[in-house]
Amino acid sequence: MAIRGILRPGEVCIRVMDKEKARRHYGEIMGLHEVLEEDDKLYFKCWDEWDHHSVVLRVTDRPGMDYLAFKVYSDAGLDDLEAKLKGRDYEVEHIEAGVYPKSGRRIQFTLPTGHTMQFYAEKEQLGNTMGAHNPGVIPDDGVVRGVETPGLDHILLGGQDIDACLELFTELFDFDFVEQLIDAESKMKLAVFLSCSNKPHDIAFVRQPEDNKFHHASFRLENAADVVKAADRLGKYRVPIDVGPNRHGVTRGATIYFFDPSGNRNEVFAEGYVHYPDIPTLTWDTDELGAATFSQDFTPRQSFLEVLT
Ligand code: M3P
Ligand code: FE
């Protein structure tokens, strides 16, 4: 199916505790471009994203995620999604255009795992500096810096009823159920990976005892060599590393996990396979938990499984 419904995770709002440290981490070190500042918020875009911003940082007293917003192809798509949600007795809130900066109207609801999720169709576009006509391949402003991520890739959330989220995303939102991690004995789903695109995942859920938890926001890189280069930068700036360069079994992405100054986990991710809707759901079980999570040393990490914000 051509992508004409839900397009991508277009905006994530992450809570941070120190504005200047967060500005340095997401700006100088990760290489996102700061596009707007409010009293308690910083707005960033990655260099190859056209929309005004994809990352919002809200300064407060605890880390975690305020909301995740998916961009939808058309305004009519919002009505369609609202009708579907109401058909399943979800409470849907309307947010008028302009309430969120540079943004058209939004609808908001709560996931079965307690996370706040939004859909929007319009956001002012800034472009990627190259324009749309004979655009070239490298941004024109010369300001490619830090880890140089071209875009927000996917989000991983934690909560209890990930089965209900799986049902919601596949039945109502037309996502593909791309991969899962199950308990080898009970067959209980421990993690589910969902795609609305050709990516191996746009969102994933991991089973956790506490709802509304944030596992990580992942930023795309082009290839595994860029992931190793990112590791050099993360080390140079003394960014706390959760898991150094490795490759996921699930999604096959080259990865590094690390923490922002407030303890929120970030990931850089490259080279996952191309997903198509006719590919069967891939299943990993806990007998291969190490290889499912980190295939190069097939060793599960405790912090990776237990630290969420
Ligand atoms: C990723 C990824 C788990 C695996 C997570 C994988 C929670 O974050 O980007 O592929 O088992
Ligand atoms: Fe990830």
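The basis for the numbers below is simple: all heavy atoms, side chains too, and nothing from hydrogens, waters or symmetry mates. Atoms within a ligand are numbered from 1 in the order they appear, just like the ligands themselves. Start at 1 with the first residue, then count along the sequence.
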key: Nearest protein heavy atom with distance in Å, relative to atom 8 (O) of ligand 1   = Tyr257 OH, 2.6 Å
key: Identity and distance of the protein heavy atom lying nearest atom 11 (O) of ligand 1   = Thr293 CG2, 3.4 Å
ask   = Is the closest basic N to carboxylate O distance between Asp66 and Arg15 below 4.0 Å?
value = yes
ask   = Do Glu37 and Arg23 sit within salt-bridge range, that is, some charged N less than 4.0 Å from a carboxylate O?
value = yes
Numbered atoms and elements of ligand 1 in range of [X], under 4.0 angstrom, heavy atoms:
{"X": "Phe304", "value": "3 (C), 4 (C), 5 (C), 7 (C)"}
{"X": "His216", "value": "8 (O)"}
{"X": "Thr251", "value": "2 (C), 10 (O)"}
{"X": "Val250", "value": "10 (O)"}
{"X": "Phe269", "value": "9 (O), 10 (O)"}
{"X": "Phe193", "value": "3 (C), 4 (C), 5 (C), 6 (C)"}

Should the pair [X] and [Y] be classed as cation-pi, given the thresholds of under 6.0 Å to the six-membered ring centre and 45° from the axis?
{"X": "Arg252", "Y": "Tyr273", "value": "no"}
{"X": "Arg106", "Y": "Tyr120", "value": "yes"}
{"X": "Arg247", "Y": "Phe294", "value": "no"}

task = Measure centre to centre between the rings of Phe70 and Phe173, then say whether the value is under 6.0 Å.
result = no
ask   = Using the benzene-type ring in the case of Trp, are the ring centres of His215 and Phe304 under 6.0 Å apart?
value = yes
request  = Using 2.8 Å as the cut-off, note every protein N, O or S atom close to the Fe ion (ligand 2).
outcome  = His154 NE2, His216 NE2, Glu267 OE1
request  = Would you mind listing every salt bridge (Lys or Arg N to Asp or Glu O under 4.0 Å) that reaches into residues 149-164, with sequence neighbours excluded?
outcome  = Asp163-Arg207
key: Side-chain donor-acceptor pair present, His248, Glu267, cut-off under 3.5 Å   = yes
query = Which is it for Leu156 and ligand 1 at heavy atoms under 4.0 Å: side chain, backbone, both or neither?
reply = side chain
query = Just wondering, are more than 12 heavy atoms of other shown residues or ligands nearer than 6.0 Å to NZ in Lys86?
reply = yes
